[in-house]
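Working notes for the structure below.
Throughout, a chain's letter reflects where its sequence line sits, starting with A, and its residues are numbered from 1. For clarity, every value in this text was computed on a predicted model and none was experimentally measured.
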Amino acid sequence: MSWTEERVELLKKLWTDGLSASQIAAELGGVTRNAVIGKVHRLGLSGRTKTTRPAAPRVRKARSPSMPPRPVTRVIGNTALKLNVVAEQQVEAEIVPVRTLAPVTELFIPPEQRATILELNEHTCKWPIGDPGHDDFYFCGRRSESGVPYCEHHCSVAYQPASDRKRSKASGAN
DNA sequence: CCCTGATTCGC
DNA sequence: GCGAATCAGG
């Protein structure tokens, strides 16, 4: 493929939007990221304005490698009641499908990095994108550390500290 | 190993 | 001008 005026314009737009060379290459199709970078230099676009994020989004590591973070069930008073309390909450959790995280601005995932559920494995990010049941539903599918369910970006989203989320203060005690 | 952009150099 | 190969870095 050649650098038509259209493709150059799209390249300029995506580059100044802060997409990486490989993402742009995927978007354009028919070119490699090397080609994109080469073109960017020839156009004199290199050295993006400071809006560029540091390569990969830095994230804190998932705490315990084996055990995913989980809301702690606090037991006040007679700890002998603990098991019952947990059991009740689990039952409730099954019938109340809620994602309480605040809406997140999704990354742009190039189409060829996206994964269907059948393509997920221990090395792929399992972050769902879109609505299940719609045909535009897919999973992030980027590389994740072995055994870690999400890529770096979605780890940082999934394990976002509670202090960063919108707080819904429970009014009454209980 | 995954990724990033930068540079070189034969075509 | 183009882009694969390579380099340097996170």
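Ring geometry for A/Trp127 versus A/His154: interplanar angle under 30°, hence parallel rather than tilted (30 to 60°).
Distance CG (A/Leu19) to P (B/dC3): 16 Å, rounded to an integer number of Å. Taking atom CG on A/Leu11 and atom C1' on C/dG3, their separation rounds to 13 Å, with Å as the unit. Note: CD (A/Glu145) to P (B/dC2) measures 13 Å, nearest angstrom. One interatomic measurement links the two molecules: CE of A/Met1 to P of C/dG1, which rounds to 21 Å at whole-angstrom precision. Going from atom CG of A/Asn121 over to atom P of B/dC2 covers 13 Å, rounded to whole Å. When rounded to the nearest whole Å, the span between CG of A/Leu43 and C1' of B/dA6 equals 15 Å. Here B/dC9 presents its C1' atom at 15 Å from NE2 of A/His41, a figure rounded to the nearest Å.
Applying a 4.0 Å cut-off to non-hydrogen atoms, the residues of residues 24-40 of chain A that approach DNA chain B are A/Arg33, A/Asn34, A/Ile37, listed by residue number.
The shortest distance between side-chain heavy atoms of A/Leu11 and A/Leu43 falls below 4.5 Å. Looking at A/Lys39 and A/Val8, their side chains come closer than 4.5 Å, going by heavy atoms from C-beta outward. Considering only heavy atoms from C-beta on, A/Phe137 stays 4.5 Å or farther from A/Ile117 through its side chain. Side-chain contact between A/Thr124 and A/Glu119 is absent, with no heavy atoms from C-beta onward closer than 4.5 Å. Here the side chains of A/Arg7 and A/Val31 are in contact, with some heavy-atom distance below 4.5 Å.
Within the structure, a side-chain polar atom (N or O) of A/Ser22 is placed less than 4.0 Å from OP1 or OP2 of B/dT4. Note on A/Arg42: a side-chain N or O is less than 4.0 Å away from OP1 or OP2 of C/dC2. The side chain of A/Trp3 places an N or O atom within less than 4.0 Å of a non-bridging phosphate oxygen (OP1 or OP2) of C/dG3.
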